[in-house]
Amino acid sequence: MALLLLIEDEPGLRLTLTDRLTAEGFTVESRAEGLSGLEAARRAGYDLILLDVMLPGMDGFTICRTLRDEGVDTPILMLTARGQVDDRVAGLKIGADDYLPKPFHTPELVARIEALLRRARKDPLAETLRFGEIEIDAKAAIVRKNGQELVLSAKEYQLLRFLAQRRGEVVTRDVLLKEVWGYHSTPLTRTVDVHMTWLRQKLENDPSQPAYLITVRGMGYRFDG
Ligand code: CA
């Protein structure tokens, strides 16, 4: 059964939501304050985070942005006061998955939660990604260009897949190091650039004018396709 983290400072709402969601079969943990909420959200194991916007300590937008910057990809459903239309746009822009204005009815909240959980369960590792002449067969861990298999090292493949799954997003070198190389190794940021050069030589028609693996100056890399 799904484990939810509820970050909400209104005691009445926190209690009501915890009761109702528990009655729906979810396991709910809650935090009443932003900083402790962020700390809890960083831990792996939650299937979804319900995040209030106005919170003491740290607001919901900052929590959401911080989690996404750190590579935490737990689905986030933001809760906020009705009428704050801009909040919806702001929330989705910084990486929230959905938004629900207060007050809401529990069945609607449950429906949104279940939709997000279903979406998250789709195994991204089993997807085949296609970008024009490039095909990333994630099940077989093979990359083809115009139908021809490219010979990539494991790291080159992982780097490409990570970026391609986030098409159009800027990914920092730090995030790439953490997600592709992992915590156990301590490579230099330059490691990313070196692998990127090799990957471009194999993937791009003209490695000096990349069409897919774009350098975003001062920030990191972005996959265009
Ligand atoms: Ca609040």
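Heads up: numbering here begins at 1 and tracks the sequence. Both counts, for ligands and for their atoms, begin at 1 and track the order of listing. The basis for the numbers below is simple: all heavy atoms, side chains too, and nothing from hydrogens, waters or symmetry mates.
- Shown here for T16 and G12, the closest heavy-atom pair between the two residues is OG1-O, 2.7 Å.
- Under 3.0 Å from the Ca ion (ligand 1), one finds the following protein N/O/S atoms: D9 OD1, D52 OD2, M54 O.
- Between the side chains of K145 and Q148, no donor-acceptor pair of N or O atoms lies under 3.5 Å.
- For R166 and F162, the positive end sits near the middle of the six-membered ring, less than 6.0 Å away and at most 45° from its axis.
- The shortest heavy-atom contact between I94 and F61 is CD1-O, 3.1 Å.
- Under the 4.0 Å criterion applied to side-chain N and carboxylate O atoms, K102 and E8 are assigned as salt-bridge partners.
- Remark: of the listed residues L203, L199, I142, L199 is the sole one forming a side-chain contact (heavy atoms from CB on, under 4.5 Å) with L152.
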